[in-house]
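These notes concern the structure reproduced below.
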Amino acid sequence: MSKIVKEQDIERIVWKACDTFRGVIDPSQYKDYILTMLFLKYVSDVNKEKRNTYLLKYEGDEARADRAMSMERFVVPNNSRFDYLFENRNESNLGEIIDIGLTDLEEANREKLTSEDGSGIFRNISFNSNNLGEEKDKNVRLKNLLFDFNELNLTPSLLEKNDIIGDAYEFLIKNFASDAGKKAGEFYTPSEVSTLIAKLTKSKPGARIYDPTCGSASLLIKAGKEVGTNDFSLYGQEANGSTWALGVMNMFLHGFDNASIRWGDTIRNPKHKEGDALMKFDTVVANPPFSLDKWGADEAANDKYNRFWRGTPSKSKGDWAFICHMLESAYEGKGKVGVVVPHGVLFRGSSEGKIRQKTIEDNQLEAVIGLPSNLFYGTGIPAAVLIFNKGKGGNTDVLFIDASQHYESGKNQNKLREDKDIPKIVDTYKAFAKGDLKAGVAEDKYSYVATFNEIKENEFNLNIPRYVDTFEAEAEVDITAVQTEIKKLEDELVETQKQMNEYLRELGL
């Protein structure tokens, strides 16, 4: 009987496979090779088991088995199978053989593995690239890679649990993010932050959930899982081609085959539309690029979706451009938006100040949550989470939470604790949403409920210290006690000096 495959088995083998590329190319690049090979191995093993099942059912009739296989999740051409690549591992053109296999897999599954403009998910990756070294070295590396993955049995009936592959994929993306440093922020939101946003925007069954800057889709998947049933639909868009490919694969590995992950610049060319209008969603979540320069301000004035009716954000800082897009993509009267932003979004003036004011006057802002510093890959700056609610009703108050001091300190990064820091934020928000928190201090040095008039008096500045007072009064100094202590130390010093002189005299010095 074959051994049951556990998540740590996959993680160990695949992480070992990374040694093939370490020192040759940057982690932000070699992640694509490793994750693509994991996807290919999974699709190959699933199809192999299915085909064997049909052969058993049809008593060895290969034609009938092949007909049945053409209706399966993925069609895997013979030369795209992992086993075929492994059998050809000694060929001198191994990189080319792998590339052809990937292209044929795309062609056989065009609806699933290509974007609407025909670009496939493997378009930005080549196993025949000179980046992998000269021909001989490259072949050795690719052969080693195939040997490592050959150890991995991803046959569905042997997997410990259903979502093991998706979880392993997430583990790898997280570890690549840790290795990739600054570039990591382009494709990954720390899982604890994703969990927090998913819980704060918790969707109901039947919800449409959308992330306009979805990266590798980890946040979107968390938001979906938070529903608690399989009755939801996921939509995402990502500008970076390689990262978009990761997002598409991530959805399939988690079993979300019907997710719609599009490739393109969301501000300049939003892909999720109904007719000529933006598609509307129950929940919109995102961790957009912080203060993106050249986001498309020149085209914003003539935006055909009228997303910037509150004003055009700063040319060099696209934060409010993404927020405006998210607000316009949420259903009127019920849509919720959760977005990670740099603190400047809370208080910067000029056009941003006007947009912020209009959003608050429209009663769409529900909560401002300050996070600890050094949570995100690639930047140590603290960020905040903004929650908007288009179904706030008559309550015009806004909740402020200062969670900046509530975290677990890490060597390279700080972390929100899932059993402590996240529940504290979520419980405070839920209490506010239910109407249990009245205006004023909700919890000393942690949370505050501000009225519309207070925010207006602050000129619509949302800087958290204006509302949550975290000032620690210094303990009063007892002058008499300090003077007594100083006298005591001076006496001890005189005594010590005497003793030192005595020792020196005995030594004849």
Side-chain angles (χ1 to χ4, degrees), residues 196-197 200-201 284 307-314 317 319-324 326-328 330-371 382-406 424-473:
L196 174 64
I197 294 173
L200 290 169
T201 59
V284 185
R307 288 170 292 177
F308 309 112
W309 59 267
R310 299 172 186 84
T312 303
S314 156
K317 291 182 171 61
D319 304 301
W320 275 101
F322 287 107
I323 295 170
C324 288
M326 293 171 78
L327 288 170
E328 297 310 301
Y331 277 123
E332 293 302 324
K334 66 172 183 173
K336 286 192 86 168
V337 171
V339 56
V340 182
V341 296
H343 276 264
V345 166
L346 308 179
F347 55 78
R348 287 192 298 245
S350 301
S351 58
E352 289 186 288
K354 288 171 187 162
I355 298 168
R356 188 170 59 244
Q357 178 176 336
K358 284 191 177 173
T359 308
I360 296 165
E361 287 173 339
D362 282 350
N363 195 28
Q364 297 194 0
L365 179 65
E366 191 166 46
V368 179
I369 300 157
L371 300 178
V385 170
L386 298 182
I387 302 296
F388 298 92
N389 186 351
K390 296 184 95 167
K392 245 182 110 179
N395 181 10
T396 59
D397 294 346
V398 174
L399 173 67
F400 287 81
I401 295 176
D402 184 347
S404 61
Q405 302 307 311
H406 298 258
K424 186 173 174 64
I425 295 170
V426 173
D427 290 348
T428 304
Y429 170 74
K430 281 182 179 174
F432 170 74
K434 278 187 355 194
D436 293 345
L437 303 183
K438 304 305 172 199
V441 177
E443 183 179 333
D444 190 39
K445 295 182 173 37
Y446 185 74
S447 53
Y448 185 90
V449 176
T451 64
F452 172 79
N453 285 335
E454 276 181 276
I455 296 172
K456 186 178 180 182
E457 282 166 19
N458 276 316
E459 298 178 324
F460 299 95
N461 185 320
L462 301 176
N463 202 13
I464 297 168
R466 286 185 176 233
Y467 304 93
V468 182
D469 181 5
T470 57
F471 177 73
E472 294 280 358

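All values derive from a computational prediction rather than experimental measurement.
Under the ring-ring contact (aromatic ring centres under 6.0 Å, His included) criterion, F400 pairs with Y467, sequence neighbours left out.
The closest side-chain heavy-atom distance from F388 to I323 is below 4.5 Å. Residues F432 and N395 meet the side-chain proximity criterion, which asks for heavy atoms closer than 4.5 Å. I455 is not listed as a side-chain neighbour of R466, based on a closest heavy-atom distance of 4.5 Å or more. Within the 4.5 Å cutoff, side-chain heavy atoms of I387 are placed close to those of T201. V468 is not listed as a side-chain neighbour of S447, based on a closest heavy-atom distance of 4.5 Å or more. For the pair V385/L371, a side-chain contact is recorded, criterion being any heavy-atom separation below 4.5 Å from C-beta on. Within the 4.5 Å cutoff, side-chain heavy atoms of E443 are placed close to those of K424. Considering only heavy atoms from C-beta on, T451 comes within 4.5 Å of E454 through its side chain.
The closest side-chain donor-acceptor pair between D402 and S404 falls under 3.5 angstrom.
Atoms NE2 and OH, on H406 and Y446 in that order, are 6.0 Å from each other to the nearest 0.5 Å. Taking CD1 of I355 as the start and OG1 of T312 as the end, the distance is 7.0 Å to the nearest 0.5 Å. Atom-to-atom distance recorded for E361:CD and Q357:CD is 4.0 Å, nearest 0.5 angstrom. To the nearest 0.5 angstrom, L327 atom CG is 9.5 Å from E332 atom CD. With rounding to the nearest 0.5 angstrom, the CH2 atom of W320 is 4.5 Å from the OG1 atom of T359. Here CD1 of I197 is found 9.0 Å from CD1 of I369. Values are rounded to the nearest 0.5 Å.
Residues I425 and I401 approach most closely at O-CD1, 3.9 Å, considering heavy atoms. Here the closest non-hydrogen pair linking S351 and S314 is OG-N, 3.4 Å. Between I360 and L462 the shortest heavy-atom distance is CD1-CD2, 3.7 Å. Nearest approach of P313 to A321, heavy atoms of both residues: CG-N, 3.5 Å.
For the pair N389 (side chain) and G391 (backbone), a donor-acceptor distance under 3.5 Å is present. Of the possible polar contacts, one joining the R356 side chain to the F460 backbone as a donor-acceptor pair under 3.5 Å is found. No donor-acceptor distance shorter than 3.5 angstrom exists from the side chain of D362 to the backbone of Q364, with no hydrogens or angles considered. A donor-acceptor pair is defined here as one N or O able to donate and one able to accept, closer than 3.5 Å; no such pair exists between the side chain of K354 and the backbone of G311.
Within 6.0 Å of atom NZ in K392, more than 12 heavy atoms from other residues, nucleotides or ligands are found, so the atom counts as buried in its surroundings.
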Determine, step by step, whether W309 and E328 satisfy the side-chain contact (heavy atoms from CB on, under 4.5 Å) criterion, reporting the C-alpha distance in whole Å, the side-chain angles of both residues, the deciding distance to 0.1 Å, and the verdict. CA-CA 10 Å; W309 59 267; E328 297 310 301; 3.1 Å; yes

In a table with atom names and distances, give each donor-acceptor pair under 3.5 Å that connects a side chain of residues 336-350 to protein atoms at least two apart or in another chain.
unit_1: K336; atom_1: NZ; unit_2: L200; atom_2: O; d: 3.4
unit_1: K336; atom_1: NZ; unit_2: Y429; atom_2: OH; d: 2.5
unit_1: H343; atom_1: NE2; unit_2: A383; atom_2: O; d: 3.3
unit_1: R348; atom_1: NE; unit_2: E352; atom_2: OE1; d: 2.6
unit_1: R348; atom_1: NE; unit_2: E352; atom_2: OE2; d: 3.4
unit_1: R348; atom_1: NH2; unit_2: D319; atom_2: OD2; d: 2.7
unit_1: R348; atom_1: NH2; unit_2: E352; atom_2: OE2; d: 3.0

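Remark: K390 does not engage E366 in a salt bridge, criterion side-chain N to carboxylate O under 4.0 Å.
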